[in-house]
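Numbers here are sequence positions counted from 1.
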Amino acid sequence: MFTSVLVANRGEIACRVFRTARRMGIRTIAVYSEADARALHVREADEAVLIGPAPARESYLDAAKVLAAAKATGAEAIHPGYGFLSENADFAEAVMAAGLVWIGPPPAAIRAMGLKDAAKTLMIEAGVPVTPGYLGEDQSPERLQKEADAIGYPVLIKAVAGGGGKGMKKVERAEDFADGLASARREGQASFGDPRVLIEKYITRPRHIEVQVFGDSHGTVVHLHERDCSLQRRHQKVIEEAPAPGMDAATRQAVTDAAVRAAKAVNYEGAGTIEFIADASDGLKADRIWFMEMNTRLQVEHPVTEAVTGVDLVEWQFRVAAGEPIPLEQADIPLNGWAMEARLYAEDPANGFLPSIGRLDHFVMPEGVRVDTGVEEGGEVSQFYDPMIAKLIVHADTREEAAGALAIAASDVEVWPVRTNAGFLVRCLEHPRFIAGDVDTGFIGTEEADLAALPLSDMGIEDAANRLRQSASTARESDRGSPWDSVSGAVGFRANAPARMTQSVVVDGASCDASLLDEYDHAMTRLLSLSPGRVVAFENGSAFDVRSFAGAGSGSGGPASDGALRAPMPGKIVATPAKPGDAVTKGQSLIVLEAMKMEHALVAPFDGVVETIGAAVGDQVAADTVLATVTAADAG
């Protein structure tokens, strides 16, 4: 076994790998950009090396700088984490050529599964069922449109080198295909350096089922059962669980057998995930599950597999990379209870889920559950990296108990002034359809009206106070014997309710207004006093500035009353579909901004005419920059 490891990643990913390394007595080495100089993963490592400026291409994605850091610190092994260089075959080869241990699959396996079209062809040869679609070399817009028309709408356009929802666009109608193709190609080029795409039939009630596989250098491949990652927004996973609800023994056998065949087809070693799409219109059936892609790395959602199997997957990665056999045989890998994970993002659900950046002045995570994070109070959420700031993971005997525990954990999140999706997570977990296991990848879109409940900040202060007083009354009237007594209530439930019935107040150099505290007495809401006359309320995972009400539609990114569209965050302009003088309708895309690894469309706030476009493709813009103005159709 090697005695030192450099983790070529950042944030919660690096912190997660360090945790296992420390337990095994392995020296840990971090790399960091200038933006991460004070980051948690830097302090947690035994040694840390600065490798460049904030942009990932000049630091974390610079293989030469990472290898130089490994040489300078005497690292014996490199763990790439997940993301960045983790699925880069050239980097893997460079690590091995430098005489270091590569903690990942063989470069040949990475290449075989790295391009979605080639991987599907390989899977067909291995007898693994694949989704109907077009995988051809002809990438002309005309040919792609023709193939999409033949497949039948809706279709999915997917970057062949894609992952994590990047470069993936659903197209409902033939007339929207060209715009979807252009966007997918831009994201594919920006994220993976490859604009090529494939076309797939869109399954109308899809479930996202994936199987954790593990191989070693002795020819053994095993699976660690399945996960369900169907709860997604814009193809980004939000809540994951293991096992998959509604999975019977025969279907589980079929899908795990297919996953093992897929891994063996590329002589796989290390941790990997075989992703499948299932048609759930009539429940999970063995003949209605198809291969989508393989992720040749550890997954963000690996903790749920660890919870139900009792296996530390990072430890297995270390041992297999060191040449040891997989520690357990297939028959000895358990499947115990139920686990769920929620991804806590720095984003604002009340403002179209736009990423939220800035300093974490207040950052409190729930107790009694596993929290994987790479940030802490006083830290910074940067515009340069992914907005996921933590993962909340629970394990229980049953699915219902796991969902209840995770809802409690999400409701206990306190973050300010950076916005998070914690309240949104609570509403997802408490939704009757989710509780019943009736989910698919379209669940969030279908139930958006319920999940995007009117936040307190969109009410007047009196209405907000009345709502919280009503919540207090509801809390007093209920004995809270079961966490499911009020799954749709304004406040939600708490663990150990008798001890949590009164609010806790955190005072930062000021006292809360006494009359306001009386209004919240006994409510299941926590208050944070920031300054005299200003209080933040944390209710069911959401945070509200209840003393300085700003009103609906205010703040960055929203259109002003004069029709001005402002940049919601710093970013790069990648498209300007409209020009001055154009007649536009409400919701029509005017500007496309690339920030935090995703494209964000700024749309017309009402029917009208474009007066100005204040930026050009390629421009880097600051937050709150006016990018376009629209005059209402009935103005003047």
Side-chain angles (χ1 to χ4, degrees), residues 1-33 36 39-49 51 56 59-61 63 65-67 69-70 73-88 91-92 95-96 100-105 110 164 212 214 224 269-273 295-307 309-322 324 326-327 341 343 370-376 379 385-386 388-393:
M1 178 62 67
F2 43 84
T3 61
S4 59
V5 60
L6 181 147
V7 178
N9 220 293
R10 64 177 298 278
E12 67 91 8
I13 300 168
C15 292
R16 162 68 190 96
V17 177
F18 290 161
R19 186 165 63 244
T20 293
R22 284 194 301 269
R23 180 175 59 78
M24 297 177 67
I26 298 172
R27 183 168 67 94
T28 58
I29 303 160
V31 291
Y32 65 96
S33 71
D36 281 339
L40 183 61
H41 80 274
V42 175
R43 293 205 318 278
E44 286 201 348
D46 294 317
E47 191 171 353
V49 179
I51 58 171
S59 50
Y60 295 108
L61 286 170
K65 290 180 179 177
V66 173
L67 287 171
T73 57
E76 297 177 40
I78 289 183
H79 192 302
Y82 28 102
F84 289 145
L85 296 169
S86 62
E87 294 179 283
N88 187 310
F91 178 63
V95 170
M96 297 163 72
L100 303 173
V101 175
W102 165 248
I103 304 175
I110 297 175
Q212 177 74 60
F214 226 102
L224 291 95
E269 297 176 22
T273 301
N295 287 300
T296 52
R297 54 175 168 80
L298 200 64
Q299 292 277 96
V300 175
E301 58 272 21
H302 77 272
V304 295
T305 294
E306 293 183 323
T309 62
V311 170
D312 183 330
L313 291 174
V314 174
E315 179 180 343
W316 276 27
Q317 285 188 299
F318 287 164
R319 295 195 180 282
V320 165
E324 298 180 19
I326 291 173
E341 172 183 297
R343 302 189 187 196
R370 174 174 169 178
V371 178
D372 284 9
T373 186
V375 297
E376 59 186 342
Y385 311 118
D386 189 275
M388 192 180 75
I389 55 175
K391 300 182 304 193
L392 312 178
I393 306 104

key: Least distance between heavy atoms, M24 atom then F318 atom   = SD-CD1, 3.5 Å
Atom pair CG/NE2 of D36 and H41 - distance to nearest 0.5 Å = 5.0 Å
request  = Any chance you could measure N9, atom CG, to F18, atom CZ, to the nearest 0.5 Å?
outcome  = 9.5 Å
request  = Check the side chains of Q299 and R297 for a donor-acceptor pair under 3.5 angstrom, ignoring hydrogens and angles.
outcome  = yes
message = Ring-plane angle category for F84 and Y60, please: parallel below 30°, perpendicular beyond 60°, tilted otherwise.
response = parallel
key: Worked verdict on L224 versus W316 for side-chain contact (heavy atoms from CB on, under 4.5 Å)   = CA-CA 12 Å; L224 291 95; W316 276 27; 4.1 Å; yes
query = For V49 and A69, which heavy atoms make the closest approach, and how far apart are they?
reply = CG1-CB, 3.8 Å
ask   = Which atom pair, heavy atoms only, marks the closest approach of M388 to V300?
value = CE-CG1, 3.8 Å
remark   = Correct closest heavy-atom pair for A63 and L85 would be CA-CD1, 4.2 Å
note = Between the NE2 atom in H302 and the CD atom in E341, the distance rounded to the nearest 0.5 Å is 8.0 Å
note = When rounded to the nearest 0.5 Å, the distance separating CD1 of I26 from CZ of F2 is 4.5 Å
task = For residues R27 and E76, determine if any side-chain heavy atom of one lies less than 4.5 Å from a side-chain heavy atom of the other.
result = no
task = Quick one: pull up OG1 in T73 and CD1 in I29 and give me the separation to the nearest 0.5 Å.
result = 3.5 Å
task = Locate the shortest heavy-atom distance separating R16 from L313; write the atom from each residue and the value.
result = NH2-N, 4.4 Å
ask   = Is a donor on one side and an acceptor on the other found under 3.5 Å between the side chain of T373 and the backbone of E12?
value = no
key: Q212 and T273: CA distance, side-chain angles, deciding distance, side-chain contact (heavy atoms from CB on, under 4.5 Å) verdict   = CA-CA 5 Å; Q212 177 74 60; T273 301; 4.0 Å; yes
Intermediate values then yes/no, side-chain contact (heavy atoms from CB on, under 4.5 Å), D372 and R19 = CA-CA 10 Å; D372 284 9; R19 186 165 63 244; 3.3 Å; yes
query = Where is the tightest heavy-atom contact between S86 and I110, given as atom of each residue plus distance?
reply = O-CD1, 4.4 Å
task = Start with the C-alpha gap between V66 and I51, add the side-chain angles, then the distance that decides, and say whether side-chain contact (heavy atoms from CB on, under 4.5 Å) holds.
result = CA-CA 7 Å; V66 173; I51 58 171; 4.2 Å; yes
ask   = Does any donor atom in the side chain of T296 or E87 lie under 3.5 Å from an acceptor atom in the other side chain?
value = yes
request  = Taking the side chain as every heavy atom from C-beta outward, state whether V311 and T305 have any pair of such atoms under 4.5 Å apart.
outcome  = no
task = Dump the intermediate steps for salt bridge (charged side-chain N to carboxylate O under 4.0 Å, His left out) on E301 and R343, then the final yes or no.
result = CA-CA 9 Å; E301 58 272 21; R343 302 189 187 196; 2.9 Å; yes
query = Taking atom CG of L100 and atom CG of L67, what is their separation to the nearest 0.5 Å?
reply = 7.0 Å
